[in-house]
Amino acid sequence: MKAKYQQYYLRGLLLVFLLYHAPTIFLGPGAFFNAFDSLDSFVVWYRLATQQAYAWAPPYAIIEPFMGGVPKFTLVSTYNVYYWLNLLLPTFTAFQFYNVFISGVALIGMWLLCRRHLGANEPVSAFLALSFAFTPFLPTWGLSIAGQPLLLFVILNIRKGSPAIWNWLILGAFPFTSNFQSAGVFILFAFGVLIGVDFIQKRPVKMLLLAFVILLGVYLITKIDLIQNLLGGEGFVSHRMEMRRFPVSLGVCFKIFARYFLLGNVDVALSLHTFVLLPFVCLVYAVHIVRKKELPLSLTITLGIITLICFYIAILNWEPLVELRNNSDLLRMFSLERFHIFLQLLWHIAAAQALLLIAPGYQSRVLAVVAVMQLAVCFAYQPTYYERFVKKFVSIVPYHYIFTYEDYYAERMFDNIKTAIGKPVETYRVASIGIPPAVAQYNGMWTIDGYSSNYPLPYKHQFRNIIADELEKNGNNRGFFDFWGSQSIVVYDQGLPYFETHMTRGKAPSARQITLSHEALRNLGCNYILSVENIANPEKSGLRKLAIFRSAIWHVSLYEVINNQ
């Protein structure tokens with residue numbers, strides 16, 4: 001009877017998982033996706049790097065269509081599962097599969113962790129596995145966050161001694177699906193803390209030390225592209241050398257603490273714990289203390305770690321620490337805040353521990369209520385369900401930008417643009433205004449602009465000459481480009497307190513005064529401008545308007561950079 005129950009139970013689990021991913025699977029390019037750090041960068045980096053001309057090229061090979069030409073290793077790691085998927089599959093199919101794969105690994109990992117090491121029963125494990133799998137992971141992070149439950153499951157198996165061979169295989173495979181700089185460093189630090197705690201408690205640590213060495217060693221292998229480049233003397237001064245951190249008062253630090261505690265990191269680690277899991281965990285915690293007159297040890301430790309991480313991130317923005325970071329190249333360029341990657345996992349562990357504190361007679365009813373509410377939140381944040389259904393009733397603005405894949409890249413419109421230009425794409429270069437350069441890059445056009453977390457500093461200075469007048473109009477934009485600069489794009493004054501990178505149809509005014517340096521454009525070999533803005537007096541920047549093109553979300557004017565002004 002139990003086996004039959006489990007059979008239907010697992011089928012139900014799979015059915016809910018497939019229902020969540022149904023838009024991605026069945027609508028294909030017509031499904032909605034988060035464009036932030038995904039369609040506007042990640043997808044295009046791997047699309048370009050796996051083209052026939054570059055697929056098997058060394059890490060220091062120059063990818064010509066991107067930002068006037070950048071080394072391959074600055075965009076992608078060839079020792080990454082997503083790279084191999086792009087070699088085997090069309091761009092969208094690889095992206096589609098990778099999104100479902102990431103969520104699937106999150107589901108399996110959280111299920112195994114709950115069942116084996118958290119002591120949760122099947123209903124609790126299923127709920128937390130689905131909730132964690134449905135958090136909005138960014139594909140650019142791979143399994144850096146989504147794979148943490150599976151990695152922790154493996155590490156705890158090794159910690160108990162005599163683990164099966166597949167534990168070691170998963171451990172060795174993890175770096176090929178995650179980011180070393182963004183997550184691996186912090187995962188290794190947390191791993192080291194666990195080893196240190198066991199050592200202090202006089203527990204055996206030999207197996208854990210071996211696992212740590214293997215994880216570190218494989219991570220270094222996955223970064224062999226960068227290491228080979230540096231040893232080969234092909235390195236360069238990165239634009240990150242000019243990055244600066246800006247201090248805030250202690251009062252603002254408290255707001256930052258509250259933001260991370262309540263929301264997680266809204267850019268890369270939105271944990272969806274705010275509306276259901278957080279109040280549930282805190283309520284159970286408080287009731288337990290009142291009734292039992294004691295602190296629940298495991299849940300107290302988990303909440304303490306969450307609080308410590310949020311406090312650490314907040315205090316990093318305090319003026320004395322910011323000055324210290326700005327005086328060090330390493331501390332200034334490296335994002336020390338990224339311990340936030342653990343918040344999604346920690347809140348789900350806290351929820352498991354809270355559910356275990358509820359008396360067995362009430363647990364199933366409480367679980368049913370919490371599960372329905374939390375999974376409703378998860379489905380509401382699913383991009384396609386949000387755009388098609390939820391948005392009609394409530395605006396929760398789950399991401400920065402949500403578009404369908406086919407609308408975002410507007411391939412038919414760009415075919416018309418290339419036809420209007422009438423030249424082979426490798427014979428001219430373009431820049432984009434108000435539309436991410438990734439859209440043009442995806443469509444095969446060679447660009448002088450782009451989004452990259454690492455590119456030569458001299459190129460940033462050259463590009464800045466194009467937009468120098470525009471940067472003087474807006475201090476926020478000047479800081480955005482000068483002190484961050486990973487988006488080497490045409491930044492112009494929009495009259496906003498932030499720079500809007502996606503000026504879709506209806507956002508731009510009828511005309512806007514934008515001043516660019518004609519000489520700087522020519523120096524970088526720019527021949528055409530793709531602008532969603534109707535530029536007032538384009539002749540002042542040495543531009544001539546040729547045509548207008550429209551798609552579902554873009555309204556693009558094509559300008560030619562004239563030879564003589």
Side-chain angles (χ1 to χ4, degrees), residues 34-37 40-41 67 238-256 258-260 263 265-268 313-314 316-319 321-323 325-326 332-333 335-337 397 399-401 431-438 448-455 457 459-504 506-517 520-521 529 531-536 540-541:
N34 177 19
F36 173 75
D37 274 5
D40 68 354
S41 50
M67 287 177 65
S238 173
H239 83 282
R240 299 179 72 87
M241 288 294 293
E242 288 189 343
M243 285 186 170
R244 289 291 184 275
R245 309 284 170 172
F246 294 95
V248 299
S249 66
L250 282 175
V252 176
C253 285
F254 178 78
K255 292 181 180 179
I256 294 172
R259 171 196 169 191
Y260 277 88
L263 301 175
N265 185 293
V266 295
D267 293 331
V268 301
I313 294 172
L316 279 178
N317 293 275
W318 188 35
E319 185 171 4
L321 291 180
V322 170
E323 290 181 0
R325 295 178 70 183
N326 282 338
R332 184 177 66 251
M333 292 189 294
S335 295
L336 297 172
E337 296 88 351
V397 193
Y399 308 108
H400 294 68
Y401 310 101
S432 300
I433 297 179
I435 178 173
I448 66 167
D449 47 359
Y451 180 3
S452 174
S453 61
N454 186 23
Y455 66 93
L457 180 61
Y459 192 85
K460 176 186 174 183
H461 294 164
Q462 285 181 282
F463 194 92
R464 191 190 192 282
N465 292 332
I466 296 174
I467 55 176
D469 289 344
E470 286 298 316
L471 294 181
E472 290 304 312
K473 298 178 184 178
N474 189 309
N476 290 325
N477 288 350
R478 190 162 60 250
F480 170 77
F481 187 87
D482 288 345
F483 300 125
W484 182 58
S486 290
Q487 294 197 44
S488 188
I489 59 179
V490 177
V491 180
Y492 60 98
D493 183 29
Q494 301 168 331
L496 299 171
Y498 60 92
F499 182 70
E500 172 61 79
T501 56
H502 292 66
M503 294 295 287
T504 49
K507 284 187 177 181
S510 58
R512 197 192 301 270
Q513 187 70 48
I514 300 175
T515 305
L516 306 178
S517 168
L521 285 169
I529 299 288
S531 177
V532 299
E533 299 276 4
N534 180 27
I535 302 175
K540 291 183 178 180
S541 300

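As the structure is a prediction and not an experimental result, all values here were calculated from the model.
Contact check for F254 versus V248: no side-chain heavy atoms found under the 4.5 Å cut-off. Side-chain contact check for I433 versus V532: every heavy-atom pair is 4.5 Å or farther apart. Using a 4.5 Å heavy-atom threshold, the side chains of I467 and N477 count as separate. Contact check for M243 versus S486: side-chain heavy atoms found under the 4.5 Å cut-off. At least one side-chain heavy atom of S453 sits less than 4.5 Å from a side-chain heavy atom of R240. For the pair I514 and S541, the minimum side-chain heavy-atom distance is 4.5 Å or more. V322 is not listed as a side-chain neighbour of F246, based on a closest heavy-atom distance of 4.5 Å or more. No side-chain heavy atom of I529 sits less than 4.5 Å from a side-chain heavy atom of V490.
Remark: the backbone N or O of P497 is paired with a side-chain donor or acceptor of N476 at under 3.5 angstrom. Between the side chain of E470 and the backbone N or O of T515, at least one donor-acceptor pair lies under 3.5 Å.
To the nearest 0.5 Å, the span separating CG on D482 from CZ on R464 amounts to 4.0 Å. Summarising the geometry, atom OG belonging to S510 is positioned 10.0 Å from atom CD belonging to E533; distances are rounded to the nearest 0.5 Å. Interatomic distance, CH2 of W484 versus CZ of R245, reported as 11.5 Å (0.5 Å rounding). Between atom CZ of residue F480 and atom CG of residue N474 there is a gap of 11.0 Å, rounded to the nearest 0.5 Å. Taking OG of S531 as the start and CZ of R512 as the end, the distance is 9.5 Å to the nearest 0.5 Å. Atom CD1 in I435 sits 11.5 Å away from atom CG in D40 (nearest 0.5 Å).
Nearest heavy-atom pair, S238 versus L457, reported as atom, atom and distance to 0.1 Å: O-CB, 3.7 Å. The two residues R478 and L471 make their nearest non-hydrogen contact at NH1-O, 2.9 Å. Closest heavy-atom contact between A536 and Q513: O-NE2, 3.5 Å. Of all heavy-atom pairs between R332 and N326, the closest is NH1-O, 3.0 Å. A pairwise comparison of heavy atoms in A314 and C253 identifies CB-O, 3.1 Å as the closest pair. Nearest heavy-atom pair across M503 and E500 is SD-CG, 3.4 Å.
By the 30° and 60° cut-offs, the orientation of the rings of F481 relative to F463 is parallel. Below 30°, between 30° and 60°, or above 60°: for F499 and Y492 the angle between ring planes is above 60°, a perpendicular geometry. Taking the six-membered ring where the residue is Trp, Y455 and H239 present parallel rings, their angle staying beneath 30° rather than reaching 60°.
Within a 6.0 Å radius of NZ in K255, no more than 12 heavy atoms belonging to other residues, nucleotides or ligands are found.
Between the side chains of Y451 and D37, at least one donor N or O sits under 3.5 Å from an acceptor N or O.
Salt-bridge check for E337 with R325: passed, with a basic side-chain N closer than 4.0 Å to an acidic carboxylate O.
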